[in-house]
Chemist: 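So that we are looking at the same thing, I have put the structure below in structure tokens.
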Amino acid sequence: MVVTRFAPSPTGYLHVGGARTALFNWLYARRTGGRFILRVEDTDQKRNTPTATQQVLRDLRWLGIDWDEGPDVGGPHKPYHQSQRGEIYARYVKQLLEQGKAYYCFDTPEELEALRAKAGPGFAYARPEQFPTDEDAARARAEGRPVAVRFAVPQDREFIVDDVIRGQVRFRPGEVGDFVIQKSDGFPTYHFAVVVDDELMGVTHVIRGQEHLMNTPAHLALQEALGFRTPVYAHMSVTVSPDGGKLSKRERPKVLRQAIQAMGDVDVEALAQAASLSAEDVESFLAGKSVPDMPAIDAMAAALGVSLPEINVVDFFRSGYLPETMVNFLALLGWNPGDEREVMDVQELIAAFELERLTKSNSLFDRKKLMSFNTEHIKRLPADRLLRHYRAFLQETANPATQADDATLMRILELCRGARTLAEIEQKCRFLFVEDDQVVYEDKAVRNVLHKHDGLGVLAEIEKNLKDWTAVTAEAVENLLRRLAEQRGVGLGKIAQPLRVALCGNTISPPIGDTVGLLGLDRTRRRIRRALEGCTQNP
RNA sequence: GGCCCCAUCGUCUAGGCAGGUCUAGGACACCGGGUUUUCAACCCGGCAACAGGGGUUCGAAUCCCCUUGGGGCUACCA
């Protein structure tokens, strides 16, 4: 039975790279009828934040990635937080110590730094002739020195990683230096915890980023020393950002900083307040000295109206992408079904997924293509599913449209066929959810539409024609406009646009008949009147 | 610096392991045209790639080597 896992370290939101790793592991488990485990690698006390785990789980659920074992669902190998598995790791550390395969060391960070500086690049920890005893360790502890444990990596043999994607990768003897397996705070290091947990949890296939390929010989050595199995390894290509380099969460703060610097003078106090930071924090961020957490970054961007590149899964949700899109797109980054299918649903993805078809080379995250996938998925998704996604999207930002009933939202969704994101739909139908006297008239629209080609005159004529209507249909409205266009000998655009601007304040809305239909006669008349009265001055 | 991985249109990729059927296929983007009542969507057409150099072979995008380029790792982070 195939067992895969995703093991995020909860240092922030789940980003797309992590989501892709999770997805591939999940797809493979689902494809083979195996099990998928979620394990939280929270052994770094300095970096983990308490809310991050919940956010990561939430992001995975949004994507539709479920786990058979892990936080919230439990399982036979609990606990699934590494921070709670201390005793287990301690047992194996003890075993290695007793077998003389690992040893204590007492260096302070400063001493280590000095050694590294002296040795230059290619530093390898010098293994002592005699390993310190338990008594030595106790004494060191009593003296307040840090006590860590290093694994004595066999130096006389080569290690061969047998990788599904890359074939055999050889590492010469002496290539892997002795590395720390237990930190002085008592926590295991990543290298140690993965090896132990993968063994204990019965993981058969390790699918992870290529950046881990160089760590694998160390894991192999550890497995051998502990008498563990070696799982099947698949080191996937990495997703890179358009300007080269790994797609990283650091991109958002970077873009924000550049945007602010480009704006010239900004109100630091206001910014600090928006992000609930101190002015010093903001200054320090702008100077490139520090980086606040993601919610603070998001808050500042929102306050300034700067749009940041989406990096985290939640960013794509907020930008109006569907989980179906993300899953489809991410799956195609470094994998393909071997035929010419591209837009696929999850079931198709699962049915077609094979490790053998993973690509070796890195790929660029192309937001343009992502958007085109989203357009396709919006089109092909059943109405009720789309409605659910749209409600979730509206709720995320407490949009007034949340108040609308299902029938209204369904109608909106229908009218917005062809939209590329949920955000576009929201924008296109926002006019429905503002009060008639709150419509904001965009300068550009007023200038180009109402004040050209006798836009106001057209509007007045429409008002006159609408006066004694008692009911309205999209068709009737369009017939009226068509008639007026004919009378004036102009295109429909010259007639429809002034009305659209009067009703929406801008030039974007569903087909004009439907726009009036959604609004109803009274609100339409009120808005026409207001436009006629308020937009006589050229802005 | 050392070690490791990778290399087909601008981008994601098919083809490569079993060399000829590849005058290299698809998708996104882009360009041109059409449809149109705005934004989208839609329809038609077009541009565009085997990184370079050596081999092996009757024959190489496909196999080997070198160069170049890109990426990664080199922590008491994961």
Side-chain angles (χ1 to χ4, degrees), chain A residues 7-11 41-44 46-48 82 105 107-109 112-113 116 120-124 146-150 161 163 165-167 169-172 175-177 179-185 187-191 193-194 209-217 235 237-238 240 242 244-246 329 332-343 356 359-366 368-373 375 378-379 416-421 424-425 427-428 445 449 478 481-482 485 491-497 499-501 504 506-513 515:
Chain A
S9 69
T11 55
E41 308 218 323
D42 53 351
T43 55
D44 186 348
K46 288 184 283 293
R47 296 206 313 164
N48 296 322
Q82 289 186 331
C105 45
D107 315 271
T108 63
L112 238 24
E113 193 41 58
R116 232 186 300 275
F123 163 80
V147 178
V149 179
R150 263 174 210 273
V161 178
D163 190 276
I165 302 170
R166 285 157 218 285
V169 183
R170 314 173 89 86
F171 294 86
R172 303 269 145 229
E175 208 50 68
V176 186
F179 56 93
V180 172
I181 55 176
Q182 189 176 68
K183 301 183 255 184
S184 55
D185 63 7
F187 279 90
T189 58
Y190 160 76
H191 298 297
V194 241
Q210 189 219 118
E211 66 267 23
H212 286 293
L213 185 56
M214 295 299 283
N215 299 149
T216 311
H235 287 95
S237 59
V238 174
V240 299
K246 257 199 309 189
F329 187 73
L332 254 34
L333 238 41
W335 173 84
N336 69 80
D339 50 41
E340 281 174 352
R341 282 180 297 167
E342 288 207 319
V343 177
E356 289 70 28
T359 294
K360 290 180 187 172
S361 45
N362 293 348
S363 48
L364 211 102
F365 193 90
D366 181 1
K368 291 254 183 68
K369 185 150 185 168
L370 177 74
M371 189 174 273
S372 126
F373 270 54
T375 311
I378 287 179
K379 263 187 264 186
C416 291
R417 234 178 286 124
R420 300 180 298 187
T421 65
E424 279 187 357
I425 297 174
Q427 189 206 2
K428 200 174 189 172
V449 178
E478 298 206 1
L481 299 189
R482 241 176 266 283
L492 233 198
K494 297 282 185 290
I495 307 297
Q497 285 300 75
L499 179 56
R500 178 168 276 123
V501 171
C504 308
N506 59 47
T507 60
I508 301 173
S509 88
I512 193 64
T515 301

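Residue numbers begin at 1 in each chain, while the letters A, B, ... track the order of the sequences.
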Chemist: Only pairs with both distances under 3.5 Å count, Watson-Crick or wobble alike; so what is the partner of B/A51 in this structure?
Modeler: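 Partner of B/A51: B/U67.
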Chemist: Apply side chain to side chain contact (heavy atoms under 4.5 Å, CB included) to A/Thr189 and A/Thr43, showing your working.
Modeler: CA-CA 7 Å; A/Thr189 58; A/Thr43 55; over 6 Å; no
Chemist: Between B/C22 and B/A29, how many Å separate the two P atoms, rounded to a whole number?
Modeler: 28 Å
Chemist: Across all strands, who's sitting opposite B/G20 as a Watson-Crick or G-U wobble pair, both distances under 3.5 Å?
Modeler: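 Paired with B/G20, as far as the under-3.5 Å criterion goes, is B/C58.
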Chemist: Just by distance, with hydrogens left out, do A/Thr375 and A/Arg420 show a side-chain donor and acceptor under 3.5 Å apart?
Modeler: no
Chemist: Verify the contact: side-chain N or O of A/Thr43 to OP1 or OP2 of B/A78, cut-off strictly under 4.0 Å; return yes or no.
Modeler: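 Yes, A/Thr43 has a side-chain N/O under 4.0 Å of OP1/OP2 on B/A78.
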Chemist: What interatomic distance, in whole Å, is found between P of B/A41 and the corresponding atom of B/C5?
Modeler: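 Each nucleotide's P atom is 43 Å from the other's.
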Chemist: Given the C1' atoms of B/A14 and B/A49, what is the spacing between them in whole Å?
Modeler: 13 Å
Chemist: Checking base pairs now: Watson-Crick or wobble, both atom distances under 3.5 Å. What partners B/U11?
Modeler: B/A27
Chemist: Does A/Arg500 have a side-chain nitrogen or oxygen under 4.0 Å from the phosphate oxygens OP1 or OP2 of B/U37?
Modeler: no
Chemist: Could you tell me the separation between the CD atom of A/Gln210 and the OG atom of A/Ser237, rounded to the nearest 0.5 Å?
Modeler: 7.5 Å
Chemist: Of the nucleotides B/C12, B/A78, B/C4, which one has an atom closest to the side chain of A/Lys369?
Modeler: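 Selected nucleotide: B/C12.
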Chemist: Of the candidate nucleotides B/C6, B/C76, B/A41, which contains the atom at the shortest distance from the side chain of A/Val180?
Modeler: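 The listed nucleotide nearest to A/Val180's side chain is B/C76.
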Chemist: May I ask you to say what A/Ser509 touches in the nucleic acid, namely base, sugar-phosphate or nothing, with a heavy-atom cut-off under 4.0 Å?
Modeler: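 Result for A/Ser509 = base.
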Chemist: With distance as the sole criterion, do the side chain of A/Glu211 and the base of B/G71 form a donor-acceptor contact below 3.5 Å?
Modeler: no
Chemist: So if I take every side-chain heavy atom of A/Leu112 and compare against B/A27, B/U37, B/C76, which nucleotide ends up nearest?
Modeler: B/C76
Chemist: From C-beta outward on A/His191, which listed nucleotide comes closest to its side chain: B/A14, B/C28, B/A78?
Modeler: B/A78
Chemist: Please give the nucleotide sitting opposite B/U37 as a Watson-Crick or G-U wobble pair, both distances under 3.5 Å, or none.
Modeler: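 B/U37 is paired with nothing.
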Chemist: Would you say A/Asn362 places a side-chain N or O within less than 4.0 Å of OP1 or OP2 belonging to B/G71?
Modeler: no
Chemist: Under 4.0 Å between a side-chain N/O of A/Ser363 and OP1 or OP2 of B/U13, yes or no?
Modeler: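 Yes, because at least one side-chain N or O of A/Ser363 sits under 4.0 Å from OP1 or OP2 of B/U13.
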Chemist: What contact category does A/Gln182 fall into here, base, sugar-phosphate, or nothing, at under 4.0 angstrom with non-hydrogen atoms?
Modeler: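 The residue A/Gln182 makes no contact with any strand.
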Chemist: Under 3.5 Å, is there any donor-acceptor pair linking the side chain of A/Lys428 to the base of B/C39?
Modeler: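 Under the 3.5 Å cut-off, the side chain and the base do form a donor-acceptor pair.
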Chemist: Identify which nucleotide among B/C77, B/C76, B/A29 has an atom closest to any side-chain atom of A/Arg150, counting heavy atoms from C-beta outward.
Modeler: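 Of B/C77, B/C76, B/A29, B/C76 is nearest to the side chain of A/Arg150.
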Chemist: Rounded to the Å, how far apart are A/Glu424 CD and B/C39 P?
Modeler: 12 Å
